[in-house]
Protein chains: 2
Amino acid sequence: MSSGAPATDLDPGEAARQTLAQRRSEQLLSAAAQLMERDGSQSVSMHAVAEEAGVSVGLIYRYFGGKHDLLLAVIVNVLDAFGRQVPAAIQAAGADPVTRLAAAFRAYCEVIDSHRHAAVLTHRESKSLSDEGLETIKRLEVETSEPLRTVIREGIDAGVLTPVDVDLVAYDLLLLAQAWPLKHWYFERTLGFEDYVRRQTALALAALLQPHRRRSYRHLLEAAG
Amino acid sequence: MSSGAPATDLDPGEAARQTLAQRRSEQLLSAAAQLMERDGSQSVSMHAVAEEAGVSVGLIYRYFGGKHDLLLAVIVNVLDAFGRQVPAAIQAAGADPVTRLAAAFRAYCEVIDSHRHAAVLTHRESKSLSDEGLETIKRLEVETSEPLRTVIREGIDAGVLTPVDVDLVAYDLLLLAQAWPLKHWYFERTLGFEDYVRRQTALALAALLQPHRRRSYRHLLEAAG
DNA sequence: CGCTAGGATGAATGTCTGTTCACTAACAGC
DNA sequence: GCTGTTAGTGAACAGACATTCATCCTAGCG
């Protein structure tokens, strides 16, 4: 988010102030996120955030306009992580469309796992957000789901995947990724992150792969632990 | 929920009181649900519920212990609907395991569609519920997902479905059903209830059906509108 | 008609929470 | 050291909210 290289060097004072501001922002964002994860997003009060971050209430208002701004920033933070990590993972996966798809799904799951409070994403309540904030989130979510849609489209064009409804499949995959932190609602049995990703990938590919290409991806389809 | 036939006839006064209590409960529950659907579950205040129901605030406390009790009752109400409607739909679908599975999924979607409000609430409010309330919900949810698991198991035993992880597949299907009210976050394009159910069913069956049985269920697999 | 029990009311109460602001602390440049 | 600017504090305020309770109906009964 460093807003481009400045034409002239910043004087040290200005630089110091900027890094301080950034440190504070991150500190507050992280405190809010931690609180959301621990006690549920309901009970994130400004006092609680301040205490968690070890600062005073008033300070939050120096860095964020208010509670809405703070919550919006937390969400945008997560969505930014998608925008950075998912394309990188796809790139690193090579040229094969199916491998790229699997890598993309895994990347989504990983981001969500490292931001478990992303349960908020499912819980976007229009009431607690401003209209612009809502629009921002909506736009960012569509943006961050674009890589997934592209990869699926690639697979269909290459004749490896059956010609499914791209939007719907992308929607479903995102849903399964976001549902990883909720699993303990239905499973008593322990299901680790690795198993979860592998099995969901196998299920998804079973639905998407052209029948005559299934043999080539047997290693992805056989996920039974 | 009529608690069994009484050994002796109730005197009219007692009966009238009971129906009044029941009417009031339903009236308040319905008011709360309607409010949640209209303005989001955030803004369900006791005053708002009272106004919506056309009664005074104090009256709510005659029928429910407090706000938590009321919300819990709303959730339990929805879960009860699952417990009633899903098994009925499966029963009505006949003997074929795949048809039964499709009917079960559709029934889940239908219940969620007619109770859009509380679907999300369940997981969202989890931190603000009492421990017993949480346990109740958790138990009810596992219970209401049991028919789905049974149907999937039937299909596997009959050799029509591939031997997948039953719990995981049931989890995924429930998720897709619950995600129906959230769809407009990702789709600009309008996707009606019928199309949603048909396409999701087709995707799921593509993942689950044994390859050599796919021909028999072509009508369910071809869902392109 | 009067009496009573339980249904129903809604102003009052206390708590919680977002926000403000008068104030202090640290620190830069002179 | 003085001074002005910025970071930081936290008590105080205001609004919203769940909950209570003294009070008012009203239906049933003798």
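In what follows, every chain begins at residue 1, and chains take the letters A, B, ... in the order their sequences are listed. The structure displayed is predicted, hence computed values, not measured ones.
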With a non-hydrogen cut-off below 4.0 angstrom, is B/Val44 in contact with a base, only sugar-phosphate, or nothing? sugar-phosphate
Using atom OH of B/Tyr61 as one end and atom P of D/dC17 as the other, report the distance to the nearest whole Å. 12 Å
Between C/dT9 and B/Ser56, is there an OP1 or OP2 to side-chain N/O distance shorter than 4.0 Å? yes
Between C/dT9, D/dT9, D/dA18, which nucleotide has the shortest distance from any of its atoms to the side chain of B/Leu59? C/dT9
Checking B/Lys67 side chain against B/Val44 main chain: does a donor-acceptor pair fall under 3.5 Å? yes
More than 12 heavy atoms from other groups under 6.0 Å of CD on B/Glu37: yes
Taken to the nearest whole Å, CZ/A/Phe64 to P/D/dG8 is 13 Å
In this structure, are over 12 heavy atoms from other groups packed under 6.0 Å from A/Gln91 atom CD? no
In whole Å, what is the span from the CD1 atom of A/Ile60 to the P atom of D/dA7? 16 Å
The nucleotide from D/dC17, D/dT19, C/dA8 with an atom nearest the side chain of B/Ser45 is D/dC17
Looking only at N and O atoms, is any donor in the side chain of A/Arg62 or the base of D/dG8 less than 3.5 Å from an acceptor on the other one? yes
For a quick check under 3.5 Å, do A/Gln200 and B/Asp172 share a side-chain donor-acceptor pair by atom type? yes
In whole Å, what is the span from the CE atom of B/Met46 to the P atom of C/dT13? 20 Å
Any B/Tyr63 side-chain N or O less than 4.0 Å from OP1/OP2 of C/dG7: no
Polar contact flag, side-chain donor to acceptor under 3.5 angstrom, B/Thr19-B/Arg23: no
Verify the neighbour count for atom CD of B/Glu146: are there more than 12 heavy atoms of other residues, nucleotides or ligands below 6.0 Å? yes
Would you work out how much the helix from C/dC1-D/dG30 to C/dC30-D/dG1 bends between its ends, with each end axis defined by five base pairs, to 10 degrees? 10°
Would you mind reading off the distance between B/His68 atom NE2 and D/dC17 atom P, rounded to a whole angstrom? 15 Å
Value in whole Å for how far the P atom of D/dC17 lies from CG of B/Leu71: 14 Å
Quick one: A/Lys67 NZ to D/dA16 P, roughly how many Å, whole number? 15 Å
Judged by atom type as modelled, is there a donor-acceptor pair below 3.5 Å linking the side chain of B/Gln85 to the main-chain atoms of B/Tyr108? no
Nearest of C/dG10, D/dC17, C/dG18 to any side-chain atom of A/His47? C/dG18
Can you tell me the distance, in whole Å, between the CG atom of A/Leu70 and the P atom of C/dG18? 10 Å
